[in-house]
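Numbering of ligands and ligand atoms starts at 1, following listing order.
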Amino acid sequence: MVNIAVLGYGTVGSGVVEVLKTNLDSISKRAGKEIKVKYILDIRQFDDEEINGILTNNIENILEDDDVKVIVEVMGGVEPAYTYVKRALESGKSVVTSNKELVAKHGAELLRLAREKNINFLFEASVGGGIPIIRPLNQSLTADEIFEITGILNGTTNYILSKMKSDGMDFDTVLKKAQDKGYAERNPEADVEGHDACRKIAILSSLAYGRHVDYEDIYTEGITKISQEDIAYAKELDHEIKLLATSKKVDDHIYARVCPMLLDSEHPLATVNGVFNAIFVKGNVIGDVMFYGKGAGKLPTASAVVADVVDAVKHVERNIMSIWSRKKMDLMEIEDVPSKVFIRVAYDSYDDAMATVKELFDVKHIVRLDELDDEFAITTEPMKEKEMQLQVEKLTNSKDVKEVRNFIRIES
Ligand code: HSE
């Protein structure tokens with residue numbers, strides 16, 4: 001038998017205990033040993049007597065117990081998770097976590113510590129909820145040189161954008177639903193402003209390219225400016241609007257960014273709706289591969305955590321995760337990244353506004369919607385971010401234009 005401790009009895013922590021209980025026999029068979037939850041760390045009391053019986057609010061009880069071999073950290077946030085995880089690893093206990101903030105900030109250091117101790121620091125559930133993506137990057141795709149990872153990595157925002165489109169619902173109503181379903185972060189700003197997806201693409205990029213990609217270097221923009229009008233234009237253009245987290249190799253440089261993008265309806269990520277996440281990977285040998293599944297929610301995330309617990313139990317004294325170097329990756333300046341862009345322009349005089357637009361942009365398409373009679377939209381040929389921002393500013397300040405209502409980059 002192997003004893004484990006679960007730090008945090010929230011949505012994911014209670015899911016982990018539930019999965020271990022429901023599938024006890026099959027999980028034990030796969031792990032080769034029975035897995036027993038000896039402690040749950042939480043400051044609250046619960047209605048369940050069985051849970052209260054193993055509850056502690058003192059981390060020392062867990063760290064000092066030599067019978068505990070694996071610690072599951074599902075508290076979220078950097079502190080005190082980082083201190084607890086570091087101390088657990090230092091004392092020779094493997095750690096499994098779903099905590100993307102922790103992995104994005106301290107992953108390289110904690111992996112190195114686990115390797116030094118010949119134990120494991122596993123974090124499959126930190127990206128893509130129930131989708132296996134860390135293990136494939138760490139094991140199955142190691143023959144490849146990866147040159148692109150593009151993902152829908154946040155279930156809450158994908159759920160919001162999908163519902164806004166399918167049911168015409170407004171942003172706040174759908175966000176409330178996502179919170180009720182347990183998809184959203186405690187502070188949903190982390191979802192809607194793109195920070196959660198940013199940390200996840202930093203983790204995937206660090207693993208794929210082997211060097212530490214600092215999430216603070218990644219250009220990040222959320223979905224709060226996306227409106228029903230933008231969605232109507234996207235439909236007219238046969239595109240979807242998705243919050244994409246991307247890292248791509250251009251020549252020898254890598255850029256990374258998170259922002260809402262217009263995606264051709266033929267793109268494999270365009271049909272990923274609701275709470276589902278998907279990660280599209282391009283390798284020089286394998287070509288294109290895509291991973292798809294539920295990216296948030298109690299049981300999908302718990303499923304990934306428990307799978308890591310099984311791996312940790314099977315490899316009690318053998319380190320299995322490859323290391324990502326603590327050396328920082330210098331990302332390409334976002335200003336130099338080229339994209340096509342979609343721009344909505346409101347006018348008093350169509351002819352004057354269009355003449356200015358054509359002076360400033362290499363226009364590819366012009367789109368009009370019957371219901372919006374004081375504006376038009378254009379799509380452009382690829383242009384560097386810096387130039388695009390500059391021209392949008394000039395357009396905004398032009399006397400021939402009432403306002404620039406929104407602009408959205410186009411994935412290509
Ligand atoms: N808030 C996150 C999401 C949870 O919506 O994807 C899973 O990391």
Counting from 1 in the order shown, the ligand 1 atoms closer than 4.0 Å to a non-hydrogen atom of Glu185 are 1 (N), 2 (C), 4 (C)
Is it the side chain, the backbone, both or neither of Asp196 that has a heavy atom closer than 4.0 Å to ligand 1?
side chain
Would you mind telling me if ligand 1 is within reach of the side chain of Asp191, the backbone, both or neither, using heavy atoms under 4.0 Å?
side chain
Using modelled atom types only, decide if a donor and an acceptor are shared between the side chain of [X] and the backbone of [Y] within a distance under 3.5 Å.
| X | Y | result |
| --- | --- | --- |
| Asp191 | Glu185 | yes |
| Ser325 | Arg211 | no |
| Lys117 | Glu90 | yes |

A side-chain contact here means heavy atoms from C-beta on lying under 4.5 Å apart; do Lys69 and Asn3 qualify?
no
Considering only the protein, which heavy-atom contact is closest to atom 6 (O) of ligand 1, and what is its distance?
Gly155 N, 2.7 Å
Nearest neighbour in protein (non-hydrogen) for atom 8 (O) of ligand 1
Lys100 NZ, 2.6 Å
Counting the benzene-type ring for Trp, do Tyr183 and Tyr159 have ring centres under 6.0 Å apart?
yes
Note: heavy atom closest to atom 5 (O) of ligand 1, options Thr156, Val127, Asn99, belongs to Thr156
Determine, stepwise, if the pair Phe407 / Phe342 fulfils ring-ring contact (aromatic ring centres under 6.0 Å, His included).
CA-CA 5 Å; Phe407 63 90; Phe342 159 88; 9.9 Å; no
Report yes or no: does Gly295 have a heavy atom closer than 4.0 Å to ligand 1?
yes
